[in-house]
Amino acid sequence: MSDLELLNREQQEAVLHVDGPLLILAGAGSGKTRVLTYRIAHLIDECGVNPWNILAITFTNKAAGEMRERVDKIVGYGSESIWVSTFHSTCVRILRRYIDRLGYDTNFTIYDTEDQKTVMKNVCQKLQLDSKLYKERMLLNVISHAKDEYISPNEFLLEAKGDFRQEKIAQAYVEYQKELKKNNALDFDDLLVKTVELFQSCPDVLEYYQNRFRYIMVDEYQDTNTVQFKFISTLARQYRNLCVVGDDDQSIYKFRGANIRNILDFEKVFPDAKVVKLEQNYRSTQNILNAANGVIANNRGRKEKALWTENEQGEPILFQQFQNGYEEAEYVSGEISKKVRKGEAEYQDFAVLYRINAQSRLFEEKFLYANIPYKIVGGVNFYSRKEIKDILAYLKTIDNGKDGLAVRRIINVPKRGIGNVTLAKVQAYADSRDISFFEALEEAGEIPGLGKAALKIQPFVHLIHEMRLSLADMSMQDLIQAILDKTGYAEDLKNEDTDESEARLENIDEFINKAVTYEEGAEEPNLSGFLEEVALVADIDSVEDGDNRVLLMTLHSAKGLEFPYVYLAGLEDGLFPSYMSIAADDPTEEIEEERRLCYVGITRAMKELTITCARCRMVRGETQYNNVSRFVREIPSELLARKSVIPREPKKPEVPQNTSYQKAKEAFRTKTFDPQQFKVVKADKLDYTVGDQVSHVKFGKGTVLEITEGGRDYEVKVDFERFGVKKMFASFAKLKKV
DNA sequence: TTTCCTGAATTTTTT
DNA sequence: ATTCAGGAAA
């Protein structure tokens, strides 16, 4: 049962508005998720709305999962039939059912950025475009933008008439789409575009979904782009029960096509819209909030908003400048260790936020050194690693024969002696017959000029056929294992026997785990479903609560999260705001976007905010000298506690042993007393025992002296050849048996 | 056909 | 600094 007493007046107002368009302007930390969940509960429990008729769209799968969980708790029953998901998954679900109306197969594949680039490369070759003048990335960017704005290749072509360069780009767009269709593939943007196309060309489909989704809610509305707006406004046209929640000050995805006008002009598009402002912040201290307000006040053209809080004043914002990035990272790791050691906080209470992923490296190094458990969000996506992409390509080939890209990726992996020359002949044959690449391979014997290469192709084709046949009575795990065994992929990696190949094998194991998890969790597990899930995960989705680690991530990833202690690192002009924004054609606008990003960062903090920067920093192998970020100057100075730069005495090359030991012990103790421990699963088994030789990322080789079983994790004592005896948590240390 | 080497480009942020 | 692509040699 929902209890409206727990909400403030504005929140109640938003919850109680049931019919007609509703815009909720929700400042940072004003409880918008709470309002959304209560509103859903209210619709179901009080207004008799069928949960089946509710669609809630969030930005990430993680947010969707959390919302479902929270709704589950307060809704009497039926919450499982509410459709809660991201824009992209929603569209995929619709397209899997109806995309055949647009001439695609319903088992289409989804191309990631790398796949897109490969396709574009082929397109450029075909059109004989000079890759110096027309860079693939640039072309893809332009096309992506066109799609964000729902501009079709033909419209683009019309627009481009008369401009030679634009016409070339338009041709590339046309050709690119053709290529995708031939492969029965969609890129990320297509998911939205094709769904809207579907709605426009098939009134019966649209009507079905309009009737189904009578109540639509959209979170993070400030970050929607034009197609996304088209999608939801088309769906909502019938019943007009559209509720959007957002904060124009947190719009940070312009580069991805987000159209801030969607939120600013909502009342123009829906003149009868009710507008509710949530201005009370429940998250941060007075000081943090004032700092955020001070910064964002420098932006023009915002919606009028005054964020306030009843929370206490809190600590001043700590600001500190260091000589270089090293010292900055060392300071942060030191502070975190200190706080945890004192028992003031746990690791999971901290987040380190930065502008670009590359900044994570220094922190990682220092954290490893200080034995601080951490998790880096983002960076190289797990699913874009070579070995994972290879296996995925096999799976895609088995699942969707039309995806020529996947086939071409793996036809010679592992080596089968099939090279470019052969591939070109097969491709030419496929093109002339208008069949897919794989179909051409099946007829390899008929292809003129192939000679004995055809004999090399046959076993591969045979293998895929075999897999397809046994697909029905194999689990996902068996299937992947079969691929690894029958192709000799795993064998090759084992024989290679380097650190790198070992890491790859580990990644593959991890991948199998994910497949198993999928199979256990999904309602109707199948190969296409798995591939789809893999294609649509965001980095942030893998972050779980109750994992006691410091989180490191970009400011973009941090949107929607909160932490008691936040470190905002690298506040330097040129890094944040980025050099790109300062040097842009229209710096004002770009810097305003960076400022919003800064606002997002500051408002993540609940109790304490520390801002750091470095005088000089290595960028692309060159040392750069940067000034303190302009954003720091925008924080009212009375809120700032500036610390002077502490000159560092030359560091001993080694952390004193007992310190790190005590740290580990201390942390261990706090964990043991944590009642949450019972929820946490300990690493099931260690693959090394006492006496084994192991290696550690930072400390190198060593011998296991002792393994103690703790409540939450194993504690392992290792004698390292170069660093002496250290004690560490097994799940964190990631020791590898040598 | 593969491997090894050199030169060039790359880094903003992501579903 | 590191990765990646293209070209030459094996």
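Convention: sequence-line order gives letters A, B, ...; per-chain numbering from 1. Side-chain atoms are counted along with the backbone in the values below, which use heavy atoms only and exclude waters and symmetry mates. All values derive from a computational prediction rather than experimental measurement.
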Novice: Whole angstrom is fine here: how far is it from CG in A/Asp223 over to C1' in B/dT13?
Specialist: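 So the two atoms are 11 Å apart, to the nearest Å.
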Novice: A/Asp112 CG to B/dT14 C1': how many Å, rounded?
Specialist: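 Atom-to-atom, A/Asp112 to B/dT14, this comes out as 12 Å.
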Novice: Step by step, would you call A/Phe563 with A/Phe350 a ring pair (Phe, Tyr, Trp, His ring centres under 6.0 Å)?
Specialist: CA-CA 6 Å; A/Phe563 306 90; A/Phe350 298 91; 9.7 Å; no
Novice: Taking for each residue the nucleotide of DNA chain B bearing the nearest heavy atom, is the 5' side occupied by A/Asp189 or by A/Ile418?
Specialist: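 The residue closer to the strand's 5' end, by nearest nucleotide, is A/Ile418.
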Novice: Classify A/Thr623 by what it touches in the nucleic acid, base, sugar-phosphate, or nothing, heavy-atom distance under 4.0 Å.
Specialist: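 The answer is nothing, as A/Thr623 stays clear of every strand by at least 4.0 Å.
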Novice: How many whole angstroms separate atom CZ of A/Phe59 from atom C1' of B/dT14?
Specialist: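 Result: 9 Å.
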Novice: Taking A/Glu364 first and then A/Arg361, would you say they form a salt bridge - that is, a charged N and a carboxylate O separated by under 4.0 Å?
Specialist: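 Not counted as a salt bridge, because no side-chain N and carboxylate O are separated by less than 4.0 Å.
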Novice: With a non-hydrogen cut-off below 4.0 angstrom, is A/Asn412 in contact with a base, only sugar-phosphate, or nothing?
Specialist: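 Here A/Asn412 touches the backbone only, sparing every base.
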Novice: Using salt bridge (Lys or Arg N to Asp or Glu O under 4.0 Å) as the criterion, list what pairs up with A/Arg137, not counting sequence neighbours.
Specialist: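 Partners of A/Arg137 under the salt bridge (Lys or Arg N to Asp or Glu O under 4.0 Å) test: none.
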Novice: Between atom OH of A/Tyr221 and atom CD of A/Gln228, what is the distance when rounded to the nearest 0.5 Å?
Specialist: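 It comes to 10.0 Å.
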Novice: Less than 3.5 Å between a donor and an acceptor, one on the side chain of A/Arg256 and one on the base of B/dT15, is that the case here?
Specialist: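 No.
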Novice: What does the B/S/- profile of nucleotides 2-10 of chain C look like, 5' to 3', with a 4.0 Å heavy-atom cutoff to protein?
Specialist: ---------
Novice: Run the numbers on A/Gln222 and A/Asp248 for side chain to side chain donor-acceptor pair (under 3.5 Å), then give the verdict.
Specialist: CA-CA 6 Å; A/Gln222 75 282 354; A/Asp248 51 308; over 6 Å; no
Novice: Round to the nearest Å and state the distance from A/Lys254 atom NZ to B/dT12 atom P.
Specialist: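 Going from A/Lys254 (NZ) to B/dT12 (P), I get 15 Å.
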Novice: Suppose you measure atom C1' in C/dA5 against the same atom in B/dT12; what distance do you get, rounded to whole Å?
Specialist: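 To the nearest whole Å, 23 Å.
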Novice: Test side chain to side chain donor-acceptor pair (under 3.5 Å) on A/Glu197 and A/Tyr150 and set out the steps.
Specialist: CA-CA 9 Å; A/Glu197 253 176 51; A/Tyr150 198 64; 4.9 Å; no
Novice: Could you pull out the closest heavy-atom pair between A/Glu592 and A/Asn298, with the gap in Å?
Specialist: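 Looking at all heavy atoms of both residues, the shortest contact is OE2-O, 4.2 Å.
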Novice: Between A/Lys254 and A/Asp223, is there a salt bridge with N-O shorter than 4.0 Å?
Specialist: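 A salt bridge is absent here (no side-chain N lies under 4.0 Å from a carboxylate O).
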Novice: State, with a plain yes or no, whether a side-chain heavy atom of A/Glu330 is found less than 4.5 Å away from one of A/Phe322.
Specialist: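 Result no, sub-4.5 Å side-chain heavy-atom pair not found.
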Novice: Select base, sugar-phosphate, or nothing to describe what A/Ser557 touches, counting heavy atoms under 4.0 Å on all strands.
Specialist: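 Sugar-phosphate only.
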Novice: May I ask you to say what A/Tyr579 touches in the nucleic acid, namely base, sugar-phosphate or nothing, with a heavy-atom cut-off under 4.0 Å?
Specialist: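 If one applies the 4.0 Å heavy-atom cut-off, A/Tyr579 turns out to touch nothing in the nucleic acid.
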Novice: Mind telling me whether A/Phe231 and A/Phe199 have parallel, tilted or perpendicular rings, with 30° and 60° as the class edges?
Specialist: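 Correct class here is parallel.
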Novice: Between B/dT13 and C/dC4, how far apart are the two C1' atoms, rounded to whole Å?
Specialist: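 Nearest-Å result for B/dT13 against C/dC4 at atom C1': 22 Å.
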Novice: Name the closest nucleotide to the A/His88 side chain, picking from B/dT14, B/dT2, B/dT15.
Specialist: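 Side chain of A/His88 sits closest to B/dT15.
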Novice: Can you check whether A/Tyr253 stacks with the B/dT13 base, using ring centres under 5.5 Å and planes within 30°?
Specialist: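 Given the distance and angle limits, no, they do not stack.
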Novice: Give me the distances for all protein-to-nucleotides 4-11 of chain B N/O pairs that come in under 3.5 Å?
Specialist:
| residue | atom | partner | partner atom | Å |
| --- | --- | --- | --- | --- |
| B/dT11 | OP2 | A/Arg137 | NH1 | 3.2 |
| B/dT11 | O5' | A/Arg137 | NH1 | 3.4 |

Novice: Please classify the nucleic acid contact of A/Phe87 as base, sugar-phosphate, or nothing, using heavy-atom distances under 4.0 Å.
Specialist: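 A/Phe87: no heavy atom of the nucleic acid under 4.0 Å.
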Novice: Which nucleotide, B/dT1, B/dT14, B/dT12, lies nearest any side-chain atom of A/Thr554?
Specialist: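 So the nucleotide nearest the side chain must be B/dT14.
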Novice: Categorize A/Asn357 for me: base, sugar-phosphate, or nothing, with a 4.0 angstrom heavy-atom threshold over every strand shown.
Specialist: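 Here A/Asn357 touches the backbone only, sparing every base.
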